[in-house]
Amino acid sequence: MIRIGLRERCVRVINRQHSVLPGFGISLGLTLMYLGLVVLIPLSALVVKALGMTFEDFWQKAIADPRVMASYRVSLSAALVAGLVNSVFGFILAWVLVRYQFPGKRLLDAIVDLPFALPTAVSGIALVGLYASSGWLGGWLEGLGLKVAFAWPGIVIALTMIGLPFVVRTMQPAIEQLESESEEAAAILGATRGQTFRRVILPILVPPLLTGFALAFARGLGEFGSVYFIAGNLPMKTEIAPLMILIKLEQYDYHGAAAIGLVMLVASFALLLLINLLQAWTRHRSST
Amino acid sequence: MSIEALNITKRFGQFVALDDVSLHVRSGELLALLGPSGSGKTTLLRVIAGLELPDEGDVRFDGESVRDRHVRKRGVGFVFQHYALFRHMTVLENVAFGLRVKPRHERPRRAEIHDRVGELLRLVHLDGLAGRYPHELSGGQRQRVALARALAVRPRVLLLDEPFGALDAKVRAELRDWLRRLHEEIQLTSVFVTHDQDEALEVADRVVVMNRGKIEQIGTPEEVFHSPASAFVMDFLGQSNRFHGRVPGNSARQESISYVRPHEFELLKPSQSTRSIDATGSGDQLESMGVTGEIRKIYSASALVRIELSAADGRLVHVQISQEEFQRLAPSVGQTWTARPRRIRVFAADYQI
Ligand SMILES: Nc1ncnc2c1ncn2[C@@H]1O[C@H](COP(=O)(O)OP(=O)(O)OP(=O)(O)O)[C@@H](O)[C@H]1O
Ligand SMILES: [Mg+2]
């Protein structure tokens with residue numbers, strides 16, 4: 001099904017004569033040039049750097065080193081969990097912001113954007129202040145036996161905070177565009193609220209939810225500033241992959257840094273591609 | 001099943017969308033709600049369906065109040081103006097929806113659902129399109145899917161909101177006939193909303209004319225067309241000529257409006273005895289002398305010939321005569337003729353458009 005979708009899309013690109021907007025050639029050229037300058041050339045420099053070493057060397061530096069491996073695990077798992085948490089609560093938050101009227105709604109809506117605007121280091125310091133054993137949430141949680149700051153949960157919390165606006169801001173327009181009539185139609189046909197949500201609303205919201213998740217997740221993988229302070233950066237435990245790159249750079253090990261960078265690049269790309277395909281598939285099923 | 005709406009009032013904030021509306025739909029009847037945009041037709045339909053809670057009044061099905069009964073439990077079929085199909089479901093899934101969401105002990109078995117959907121799609125002439133998605137259908141086909149979906153749960157009443165509103169004239173006429181026949185076949189109490197008078201007069205058993213949240217008249221198509229109860233109904237049903245003026249013999253000397261439908265004029269050569277042409281076209285002299293004026297336009301390419309007469313005060317008077325009459329009299333543009341009403345309807349001038 002995916003393959004057909006892709007082929008159709010290619011055919012559509014080629015048969016562009018009937019397009020309403022002219023200038024397909026120019027705009028495609030501009031797009032490629034822009035993408036090239038801003039994204040592809042820097043990334044290929046990274047690839048070239050990494051390819052400058054032998055495979056043996058690459059393997060040693062980026063894969064075989066247990067400390068580096070541990071950092072991948074921390075980065076991936078924390079970003080994944082934070083992305084999932086945001087998918088659930090970001091969805092609910094977006095739903096509340098769109099569907100209900102209440103005092104302070106405007107303010108709440110503006111607060112959602114704060115993690116976008118704040119320097120991430122500031123968020124990090126604020127979180128440490130709150131969750132360290134001396135902070136008023138951290139002390140209490142530690143009493144319950146849960147260590148947050150300078151541990152894995154702290155990383156998840158930082159990434160959740162950073163990723164929240166991505167989910168909320170992708171879900172809001174999608175929820176706004178839901179036709180209230182189809183919900184009414186479902187109710188008239190005898191569906192309960194739960195059935196209406198599961199069968200009528202959710203299928204339409206899955207593609208944007210996947211987008212929001214992908215954005216939050218990708219942001220989590222690359223996040224550095226906020227995590228730096230709360231993670232504690234204990235080798236094998238709470239070091240994230242971007243930190244490993246920084247450490248390598250500080251040791252003037254440019255090849256090592258590039259190798260880790262390449263692994264991150266390939267992993268993120270593979271994941272994003274997967275999510276995109278999943279999205280194309282769900283979108284085809286709930287097509288417009 | 002009969003539907004009664006009793007003294008329904010519905011407000012949106014300060015705005016009164018329905019003002020003490022009462023309506024009785026007889027069992028098995030096909031009733032049209034007719035009225036201009038914003039007159040409250042959709043709101044009334046939604047109140048009956050339970051999508052809108054009235055501020056005052058009661059809705060009864062077969063004499064039993066359903067005011068507090070949830071939409072889900074009212075057993076109505078509803079066809080939305082813009083169909084509101086589930087766009088991520090195929091035609092089959094759309095039509096089967098109402099059956100599939102039934103509680104387990106009421107839900108028909110898979111095979112039964114399939115049979116029922118197949119049967120419904122045949123009924124609405126859509127067999128063969130079961131696997132399509134709504135965006136792969138034409139407007140008329142979507143309309144019929146919406147209808148099949150509403151009928152699938154065997155509703156006790158069918159409510160349709162401008163079912164043919166978004167379609168072109170030909171498809172509209174086809175579906176209209178088809179709805180009429182379908183209704184004769186299944187005899188389901190049905191209410192449909194329209195702002196097209198032809199649609200209402202041709203299809204419905206009875207017509208409810210609404211204006212500004214109130215019912216102006218309820219009656220058979222013949223009753224509302226031939227004996228309109230108010231100036232509004234007169235105006236709304238078909239084109240008519242309005243003449244302001246006092247009614248002769250009305251002692252109250254009340255301001256009134258006289259209406260003459262275009263086909264209720266006869267066309268005469270202006271008589272020599274007409275002293276002066278009636279300058280105001282007012283109701284006072286209308287009956288005895290008619291309106292005299294110059295012919296501006298003649299449209300003869302239809303069953304009835306339409307003639308536009310420009311009265312002395314510059315107003316246009318619309319006259320319709322038969323083709324035979326047209327041949328016999330042979331009026332032409334630029335000539336002066338008199339249009340004399342065979343029938344005048346007079347209403348108190350208490351309403352403005
Ligand atoms: N949810 C609402 N909030 C506020 N006003 C509303 C709402 N729904 C309807 N109205 C108002 O109530 C009046 C009647 O609306 P309604 O939809 O019943 O009109 P209608 O007769 O169906 O018109 P149309 O032919 O244009 O569909 C309109 O003036 C409309 O603006
Ligand atoms: Mg309406």
Side-chain angles (χ1 to χ4, degrees), chain A residues 1-2 4-5 7-9 11-12 20 91 95 99-102 170-171 173-212 277-288, chain B residues 42 45-46 48-52 69-90 93-104 106-108 132-137 142 145-162:
Chain A
M1 197 181 286
I2 291 162
I4 292 169
R7 196 192 309 156
E8 268 174 5
R9 226 173 301 163
V11 169
R12 230 177 291 156
V20 183
F91 186 172
W95 185 269
R99 284 293 171 103
Y100 302 110
Q101 300 301 325
F102 53 90
T170 35
M171 292 309 287
I175 295 171
E176 271 162 14
Q177 276 171 20
L178 286 177
E179 295 150 21
S180 61
E181 279 194 349
S182 41
E183 287 161 49
E184 290 177 345
I188 289 181
L189 289 168
T192 61
R193 280 165 196 241
Q195 286 171 321
T196 304
F197 184 77
R198 238 182 17 256
R199 290 166 174 259
V200 176
I201 297 174
L202 204 57
I204 294 174
L205 292 183
V206 164
L209 191 60
L210 278 172
T211 306
L277 289 178
L278 203 61
Q279 218 175 0
W281 180 65
T282 50
R283 192 163 281 156
H284 177 84
R285 291 198 35 202
S286 67
S287 56
T288 43
Chain B
T42 300
L45 209 62
R46 289 172 61 88
I48 294 174
L51 292 172
E52 215 81 73
R69 199 183 299 171
H70 191 268
V71 206
R72 202 167 63 234
K73 305 246 169 74
R74 287 206 187 183
V76 302
F78 200 103
V79 177
F80 288 86
Q81 189 167 355
H82 302 290
Y83 320 137
L85 295 178
F86 306 126
R87 56 193 164 94
H88 59 287
M89 296 184 199
T90 60
E93 290 166 334
N94 262 284
V95 177
F97 184 87
L99 300 171
R100 287 184 176 161
V101 297
K102 276 183 191 294
R104 188 159 306 230
E106 289 174 31
R107 196 184 310 157
R132 296 249 189 118
Y133 284 92
H135 72 275
E136 298 168 328
L137 299 176
R142 280 179 214 179
V145 175
L147 193 61
R149 183 178 70 175
L151 292 174
V153 289
R154 301 186 200 275
R156 299 187 296 164
V157 299
L158 183 61
L159 309 173
L160 309 109
D161 192 358
E162 304 211 16

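In what follows, chains carry the letters A, B, and so on, assigned in the order in which the sequence lines appear, proteins first and then strands, with residues in each chain numbered from 1.
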**Student:** Is it the backbone or the side chain of B:Arg46 that comes under 4.5 Å from a heavy atom of chain A, or both, or neither?
**Tutor:** side chain

**Student:** Take A:Glu184 and B:Phe80, measure what side chain to side chain contact (heavy atoms under 4.5 Å, CB included) needs, and give me the verdict at the end.
**Tutor:** CA-CA 10 Å; A:Glu184 290 177 345; B:Phe80 288 86; 3.5 Å; yes

**Student:** Around A:Phe102, counting heavy atoms of other residues, nucleotides and ligands shown, do more than 12 lie under 6.0 Å from its CZ?
**Tutor:** yes

**Student:** Considering non-hydrogen atoms only, spot the tightest contact between A:Ala185 and B:Ala84 and give its length.
**Tutor:** CB-O, 4.1 Å

**Student:** A:Arg99: what forms a side-chain hydrogen bond (donor to acceptor under 3.5 Å, both in side chains) with it, not counting sequence neighbours?
**Tutor:** A:Glu183

**Student:** Please state whether the side chain, the backbone, both or neither of B:Phe86 comes within less than 4.5 Å of a heavy atom of chain A.
**Tutor:** side chain

**Student:** Using 0.5 Å steps for rounding, measure from the CZ atom of A:Arg193 to the NE2 atom of B:His70.
**Tutor:** 6.0 Å

**Student:** Provide the closest heavy-atom pair for A:Val200 versus B:Met89 in the form atom of the first, atom of the second, distance.
**Tutor:** CG2-CE, 4.5 Å

**Student:** Set out, in order, the CA-CA distance, both residues' side-chain angles and the distance that settles side chain to side chain contact (heavy atoms under 4.5 Å, CB included) for A:Arg199 and B:Arg100, then state yes or no.
**Tutor:** CA-CA 10 Å; A:Arg199 290 166 174 259; B:Arg100 287 184 176 161; 4.0 Å; yes

**Student:** Please report the interatomic distance CZ(B:Arg149) to CG(A:Leu189), rounded to the nearest 0.5 Å.
**Tutor:** 5.5 Å

**Student:** So which atom in A:Ile188 and which in B:Val76 form the shortest heavy-atom distance, rounded to 0.1 Å?
**Tutor:** CG2-O, 3.3 Å

**Student:** Given that the side chain runs from C-beta out, which part of A:Thr192 has a heavy atom under 4.5 Å from chain B: side chain, backbone, both or neither?
**Tutor:** both

**Student:** Using non-hydrogen atoms only, which part of B:Val153 is less than 4.5 Å away from chain A: side chain, backbone, both, or neither?
**Tutor:** side chain

**Student:** Got a second to check how far A:Gln195's CD is from B:Phe97's CZ, nearest 0.5 Å?
**Tutor:** 7.0 Å

